[in-house]
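Working notes for the structure below.
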Amino acid sequence: MDNERRSLLKAAGAVTAVLVAGLLKPLTALAAWNKEAFGAKTPAAAMKGIGVADAAPSKDLVIDAPEIAENGAVVPIEIASAIAGTRSIAVLVDKNPFPLVGRFDFSGGALPFVKLNVKIGETSDVRVIAEAGGKHYVATKNIKVTIGGCGG
Amino acid sequence: MRRMFLLPLAAALASCSTSPSTGMGTAGDHRGESAADMQRITAVLKANMHERGQAKMSRIELDDAQRLCNQYADNPPAEQAKRMEEAQLKAIAFPSGSLIGDWKAGEKIAQSGRGMTWSDKPGTAGGSCYNCHQISPKEEAFGTIGPSLAGFGKVRGNRPEIQRYVYGKLYNAKAYNACSQMPRFGHSGTLTEQQIKDLTALLLDPASPVNQ
Amino acid sequence: MKPTAAAAALALALAFAPASAQRSPYADYQRMTAENAPIELYELSGEEAWKHKQGPKNASLEQCDLGQGPGVLKGAYAGLPRYFADADRVMDLETRLVYCMTTLQGRSREDATKRVFGNADKPSEIEVLSAYVAGESHGMPMRPGTSHTKEKAAYELGRELFYHRAGPWDFSCASCHGEPGKRIRMSELPALNTAKDAQPLMATWPAYRVSTSSFVTLQWRMNDCYRQMRMPEPAFGSDIPVALITYMTVNAQGVVYRGPAIKR
Amino acid sequence: MAAGPMKMRATALGGVTDIRVLMAHPMETGQRKGPDGKIVPPHFIQNLTVKVNGATVVEAQISQAVSRNPVFSFRVKGGTKGDKVEVSWYDNQGEANRTEATVA
């Protein structure tokens, strides 16, 4: 981490953009935000919303995340798929009020990999679904959320 | 070794006459304060603190128990510790009748870490019990500053003397161990009589998850 | 993972290791969170704040003397707290920053300290400055001042305050931080009177605090501990937090500074 | 932090370009009460796009369950020093931002 963050700070050409509220609509049309899937309140409904009917468990879909989180507001999760032809990865937290956290579509030279921080309201399975060759694959990992600190 | 809540009742009561030691000062620099030190430190606090919300400046003033523990680095001579414990015990307001309240309410009080800070509303306090103790086996996020209280009533039963001991310990832990690290929840006005009864129930009621 | 990153991650995991031999259940969580924290955003804002001209003198803080000479940032944080002859007192980073705001920028103390603790929406000027300045000591051993009479006095007052029990709950700092191997809820409590626990702790402040998604400083930590101790509020930059920060930093001296880092 | 600054680093190593991007954003869920006791309206990034030399490589839709001040890492096969990486986001209140970095 140390080297990474130092190199990030010093990286040549790293620039900070100025926020342009509302003005910077992308030139190309964005894929619309999938309101139905993100508004779904169960994992099954969310999966239906992103067109997943059936997903086969796969060991080639790897979730690297802590088994126990000291704070549910930030839970780091790294996902990598070794399934040939993976085109997208979706992340769900089963017990969240709205389980779907995100869907990442890869093209060009992008590897089917993403690392992000998610909110997990209570101890829950994290469910990851990969799409490859028109089929869906699934992996899950249980993450325990606990209480730390003085609670005041 | 620190005298603990876990000791069998008889031993706990008998041990009032032995010298308490908290095991503090592992770095070897907990040396205690002379009366002059205490005055000087209190003056530093007064000069550099201000009241906020319910945390008034009067909280800086020390009472006899705090003075004794500060003087002897939490390890006062046995005779003085005993006198302090007796004085603290005398000041406990034991209610008449059953001391067993509602363990479910007690569990909520034990869970809450709020109360008495400058950001809390006055009169809405919990006991912060899980911050320091293991209590119900269902709660895995417990602290270890104090001893585990799992199975507390299962081992000891809930005879009136035990109820009285638990109520008293919650009301004023310094009555049983002069320099206990545990706050005096009744004595300090943090918890009400009913709340202390509810916590007593959490520890002693056979139906409480603590005793399953 | 790249070998260098792996080594750094291992070092971090070790840094978070509890006082006892037992491995923290949170070791993975803390390592991964540290790798993926938005700390640079605060350092970046801090650099802007450092160079921002303001106050009656329309000056930046770039000529602030943090103990290594005017404008010297490299290693400055690792040398604090220390005695400053110009102010004739021991100062920690935040206290010194306020001093520079008043002297270099001509701002009143009131103006410089009107919003010292920020929040998730808006960090304070002191917080982002702390992130930036502390980052410039990354990788350097912490050598707070210990030779001047006033440095010795600050350490001793810090020690006394650390153990002084008071307030409705009879707490001192040592109630939670006096013995190694203890936990509050699931959080490990460093025994700050031991070098072993003080070192990894002091090497990682100031920090991005995960539970509030905000950047927090040592003055904030002292303030919030007194709140949790059910005491009145210590004044920002006063002898109380400065003495306690001195006590803990001296207990940790020699440790290589690795911050800004993360906290729960 | 309020929505605003971004920071990115792109490093080519062993035939893979590592992209790490930080973005200041509240990622409000719309379920939290503010200090005034009123619900804080939802405010979160919904769309995220990563481009290398102008070509889209990652297109993401995300929810309010991504943590505040999001940090993402992506990996792209190939890539050489000097390549241009661009990340842009667009949120539910119509705010947007973008940042660029040169692969180092």
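Proteins get letters first, then strands, A, B, ... in listed order; numbering begins at 1 in each.
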Against chain A, work out which of D/V57, D/V58, D/V76 has the most heavy-atom pairs shorter than 4.5 Å and name it. D/V57

Structural part of A/N96 lying under 4.5 Å from a heavy atom of chain D: side chain

In this structure, CZ of A/F104 is separated from CZ of D/F72 (nearest 0.5 Å) by 4.5 Å

Donor-acceptor check, side chain of D/S63 to backbone of A/F38, threshold 3.5 angstrom: yes or no? no

Give, as side chain, backbone, both or neither, the part of A/V91 having an atom under 4.5 angstrom from any heavy atom of chain D. neither

For the candidates A/P112, A/S88, A/G109, which exhibits the highest count of non-hydrogen atom pairs separated by less than 4.5 Å from chain D? A/G109

Select, from A/I120, A/I89, A/V114, the one with the greatest count of heavy-atom pairs under 4.5 Å involving chain D. A/V114

Pick one of side chain, backbone, both or neither for A/P97, based on which atoms fall under 4.5 Å of a heavy atom in chain D. side chain

Any side-chain heavy atom of A/N117 within less than 4.5 Å of one from D/V66? no

Chain D contact via A/F106 - which portion, at a heavy-atom distance below 4.5 Å: both

Heavy atoms of D/Q61 and A/N34 approach each other most closely as OE1-N, 2.7 Å

Calculate, to the nearest 0.5 Å, the distance between atoms CG and NZ belonging to D/D18 and A/K115 respectively. 8.5 Å

Can you tell me how far CH2 of A/W33 sits from CG of D/N92, rounded to the nearest 0.5 angstrom? 7.5 Å

Please classify the contact between D/V16 and chain A as side chain, backbone, both or neither, with a heavy-atom cut-off of under 4.5 Å. side chain

Against chain D, label A/L100 side chain, backbone, both or neither, depending on which of its atoms sit under 4.5 Å from a heavy atom there. backbone

Tell me if the CD atom of A/E67 is crowded by more than 12 foreign heavy atoms within 6.0 Å. no

Using atom types as modelled and distance alone, determine if a side-chain donor or acceptor of A/S107 lies under 3.5 Å from a backbone N or O of D/T56. yes

Backbone N/O of D/Q64 and side chain of A/K119: donor-acceptor pair under 3.5 Å: yes

Short side-chain to backbone donor-acceptor contact, D/S67 and A/A73, under 3.5 Å: yes

